[in-house]
Engineer: 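The following block contains the structure, expressed as structure tokens.
Every heavy atom of this structure was used, including side-chain atoms; hydrogens, water molecules and symmetry mates were not. Protein chains get the first letters and strands the later ones, always in sequence-line order, with residue 1 at the start of each.
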Amino acid sequence: MNNFIDELRWRGMLQDMTPELEQHLNDGMRSAYLGFDPTADSLHIGHLVGVMTLLHFQRSGHKPFALVGGATGMIGDPSFKSAERNLLDKATLDHNVECLKKQLSKFLNFKEGTTNKAELVNNYDWMSQFSFLEFIRDVGKYITVNYMMAKDSVKRRLEEGSGLSFTEFSYQLIQGYDFFHLWKNKGVSIQLGGSDQWGNIVTGTELIRKMEGGSAFALTVPLITKADGSKFGKTESGSVWLDPDKTSPYAFYQFWLNVSDEDASKYIRIFTLLDKNSIEILEKQHQEAPHLRILQKEIAKQVTTMIHGEQEYEMAVKASEILFGKSSTEDLAALDERTFLQVFDGVPQVQIDREEYMNIGNVLDLLSEKSQGLIFPSKGEARKMIQGGGVAINKEKVSDPNASNNYTLLQNKYLLVQKGKKQYFIISIK
RNA sequence: GGGGGAAUACCAAAGCGGCCAACUGGGACGGACUGUAAAUCCGUUGACUUAUGUCUUCACAGGUUCGAAUCCUGUUUCCCCCA
């Protein structure tokens with residue numbers, strides 16, 4: 001069994017911790033919690049860092065609690081956000097909480113009988129019992145406004161002049177109380193979180209100390225960054241979700257595969273469970289032959305398998321090979337229909353009647369008007385792109401916009417259209 | 001309250017009566033190279049269309065002129081200086 005702190009340390013996942021934590025952990029099995037905000041009905045890869053942290057905690061023999069913020073989600077954490085958050089309604093929140101619970105339950109070991117079995121809690125369960133009066137009397141009394149205003153997350157909002165509502169201001173108190181509640185009732189003595197949570201976590205340890213003279217600990221992990229400074233976990237099409245309906249396993253796999261060299265070493269430590277030795281070997285191999293992108297492939301494999309399973313991973317690899325490998329028209333034609341559809345699952349499709357299709361004069365019409373503007377909204381754009389060499393049908397470049405429309409249909413009913421390198425469309429003939 | 005200046009396409013920034021759909025840079029998008037990368041190079045970047053075409057743009061509303069992003073009048077917004 002490995003040491004939790006050491007494990008995080010070499011993985012570059014340790015930002016900060018309260019001083020006596022290490023000793024505290026060495027003294028036996030401990031419990032820690034980490035919270036997830038139900039702002040959407042799926043986790044995204046940014047949350048994965050938290051998940052991994054809990055996972056390491058459990059693997060070190062300790063007991064992890066995943067908290068879903070059914071209550072805190074109603075308030076909105078002001079931490080390092082520049083503007084007041086929009087509140088979600090209760091129904092949406094309930095739905096989100098349920099979805100997150102389902103996802104979280106896949107990662108940790110919740111098996112009965114395991115001594116350090118993971119637990120899932122929702123702070124709505126205890127916060128909803130409180131009346132406002134009770135809360136400000138029993139909890140608010142212990143923390144001064146001066147203390148709360150001194151937090152960076154709050155201070156910044158005050159300085160910027162954008163202000164924050166009393167609602168958001170109270171957030172740290174609620175989260176602090178969560179910690180107290182879990183400490184009191186579940187024996188949770190540690191709170192884990194992203195580095196932006198430090199202030200909120202410490203309010204919790206403060207509350208525990210003041211209310212009952214207890215001691216509790218904090219540990220934060222760094223926020224994930226990208227070497228080029230852009231925001232981690234975003235693609236052109238938005239967040240990378242764990243829910244396969246929101247981000248297909250293929251797109252998910254692609255995200256990891258496209259990680260830059262600078263970031264790959266960092267990410268493989270954070271997002272996979274590979275041990276130090278294996279990682280160093282992979283890094284060495286990567287350096288020797290960077291073009292093979294060994295690191296990226298391994299990260300993509302590990303993470304995709306963990307989230308979506310082996311089958312989906314293999315499908316994603318297959319799809320990637322077909323889409324980006326040097327496959328030809330023949331390779332495409334050789335695919336059976338089922339595989340073809342699987343590979344191109346999620347690719348935008350447009351249907352054209354067979355009769356109508358037969359009457360289309362040239363490629364230009366086919367890609368603009370006749371495909372209802374899905375591929376190109378106008379003839380002009382289609383023409384420009386074709387002339388710029390950016391269009392391919394069935395993996396073969398289209399060079400003349402006026403070329404007649406006599407492509408071989410795959411499976412006798414599909415055309416695979418490529419706009420640029422990465423955008424695919426399917427025209428299916430009915 | 002007084003004085004001065006500015007508003008141009010996704011952003012920045014030229015243009016100051018016809019040669020302006022508007023220089024240039026960034027971004028975005030394509031292409032070449034490559035590792036589905038970075039760097040570099042090339043092309044496109046108001047709309048529709050493909051003819052040496054049409055239409056809609058230079059804060060907004062009017063006006064002068066054969067002709068305006070460019071001149072005049074009013075309106076709005078922003079910036080600076082003085083009080």
Engineer: Over how many whole Å does the gap from A/Lys384 atom NZ to B/rA47 atom C1' extend?
Structural biologist: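 Going from A/Lys384 (NZ) to B/rA47 (C1'), I get 9 Å.
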
Engineer: Please confirm whether the shortest side-chain N or O distance from A/Ser260 to OP1 or OP2 of B/rA38 is below 4.0 Å.
Structural biologist: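 A/Ser260 to B/rA38 OP1/OP2: no side-chain N or O under 4.0 Å.
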
Engineer: How many Å lie between CZ on A/Phe324 and C1' on B/rU34, as a whole number?
Structural biologist: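 Taking atom C1' of B/rU34 as the reference, CZ of A/Phe324 is at 15 Å.
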
Engineer: Of the listed nucleotides (B/rG30, B/rG35, B/rU34), which one gets closest to any side-chain atom of A/Lys421?
Structural biologist: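 Between B/rG30, B/rG35, B/rU34, the one nearest the side chain of A/Lys421 would be B/rU34.
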
Engineer: Could you please name the option among B/rU36, B/rU49, B/rG31 that lies closest to any side-chain atom of A/Lys397?
Structural biologist: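 Looking only at heavy atoms from C-beta outward on A/Lys397, the closest nucleotide is B/rG31.
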
Engineer: Check if the side chain of A/Gln254 and the base of B/rU36 share a donor-acceptor pair of N or O atoms closer than 3.5 Å.
Structural biologist: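 In this structure, the two groups form a donor-acceptor pair.
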
Engineer: Counting side-chain heavy atoms from C-beta on, which of B/rU45, B/rG31, B/rG35 comes nearest to A/His291?
Structural biologist: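 Looking only at heavy atoms from C-beta outward on A/His291, the closest nucleotide is B/rG35.
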
Engineer: Find the distance between OH (A/Tyr171) and NZ (A/Lys151) and round it off to the nearest 0.5 Å.
Structural biologist: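 Separation between the atoms: 13.5 Å.
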
Engineer: Between B/rU34 and B/rG26, how many Å separate the two C1' atoms, rounded to a whole number?
Structural biologist: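 The answer is 24 Å between these two C1' atoms.
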
Engineer: What nucleotide among B/rU36, B/rG35, B/rU45 has an atom nearest to a side-chain atom of A/Asp261?
Structural biologist: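 It is B/rG35.
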
Engineer: Take atom CZ of A/Phe255 and atom P of B/rA37, then tell me their distance rounded to the nearest Å.
Structural biologist: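 Taking CZ of A/Phe255 and P of B/rA37, I get 15 Å after rounding.
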
Engineer: Let's test your reading of the pairing rules: Watson-Crick or G-U wobble, both distances under 3.5 Å, then write RNA chain B as a dot-bracket string with ( ), [ ], | and dots.
Structural biologist: ((((((((.[[[..)..(.....]]]((((((.......))))))(((....)))...[[[[[..)....]]]]]))))))).

Engineer: Would you tell me if any nitrogen or oxygen in the side chain of A/Arg383 comes within less than 4.0 Å of OP1 or OP2 on B/rU50?
Structural biologist: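 For B/rU50, OP1/OP2 do have a side-chain N/O of A/Arg383 under 4.0 Å.
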
Engineer: What nucleotide among B/rU36, B/rU49, B/rC29 has an atom nearest to a side-chain atom of A/Met385?
Structural biologist: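 So the nucleotide nearest the side chain must be B/rC29.
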
Engineer: Without decimals, in angstroms, what is the distance between A/Gln387 CD and B/rG31 P?
Structural biologist: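 Atom-to-atom, A/Gln387 to B/rG31, this comes out as 15 Å.
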
Engineer: So that I can tick it off, tell me whether A/Arg59 and A/Glu7 are bridged by a salt bridge, with the cut-off set at under 4.0 angstrom between side-chain N and carboxylate O.
Structural biologist: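 Here A/Glu7 does not pair with A/Arg59 in a salt bridge, since their nearest N and O are not under 4.0 Å apart.
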
Engineer: With A/Leu104, which of A/Leu242, A/Leu67, A/Val68 fulfils side-chain contact (heavy atoms from CB on, under 4.5 Å)?
Structural biologist: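 That would be A/Val68.
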
Engineer: Rounding to an integer number of Å, can you tell me how far A/Ile386 CD1 sits from B/rU49 C1'?
Structural biologist: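 Rounding to the nearest Å, CD1 of A/Ile386 and C1' of B/rU49 are 14 Å apart.
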
Engineer: Can you find a side chain N or O atom of A/Lys297 that sits less than 4.0 Å from OP1 or OP2 on B/rU36?
Structural biologist: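 No, outside the criterion.
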
Engineer: A/Phe376 CZ to B/rC29 P: how many Å, rounded?
Structural biologist: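 Answer to the nearest Å: 14 Å.
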
Engineer: Tell me whether A/Lys419 forms a cation-pi arrangement with A/Phe376, defined as NZ or CZ under 6.0 Å from the six-membered ring centre and within 45 degrees of its axis.
Structural biologist: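 Pair A/Lys419/A/Phe376 counts as cation-pi.
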
Engineer: Report yes or no: does A/Asn109 contribute a side-chain atom to a donor-acceptor pair with the main-chain N or O of A/Lys111 at less than 3.5 Å?
Structural biologist: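 Yes, because the side chain of A/Asn109 sits within donor-acceptor range (under 3.5 Å) of the backbone of A/Lys111.
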
Engineer: Around atom NZ of A/Lys301, are there more than 12 heavy atoms of other residues, nucleotides or ligands at under 6.0 Å?
Structural biologist: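 No, because the 6.0 Å sphere around NZ of A/Lys301 holds 12 heavy atoms or fewer from other groups.
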
Engineer: What is the distance, to the nearest angstrom, from the CD atom on A/Glu381 to the C1' atom on B/rU44?
Structural biologist: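 A/Glu381 atom CD is separated from B/rU44 atom C1' by 11 Å.
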
Engineer: Starting from P on B/rU36, measure out to CZ on A/Phe252 and report it in whole angstrom.
Structural biologist: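 So the CZ-P distance, A/Phe252 to B/rU36, works out to 21 Å.
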
Engineer: Charged N to carboxylate O below 4.0 Å: is that the case for A/Glu22 and A/Arg9?
Structural biologist: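 The answer is yes: the pair qualifies as a salt bridge.
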
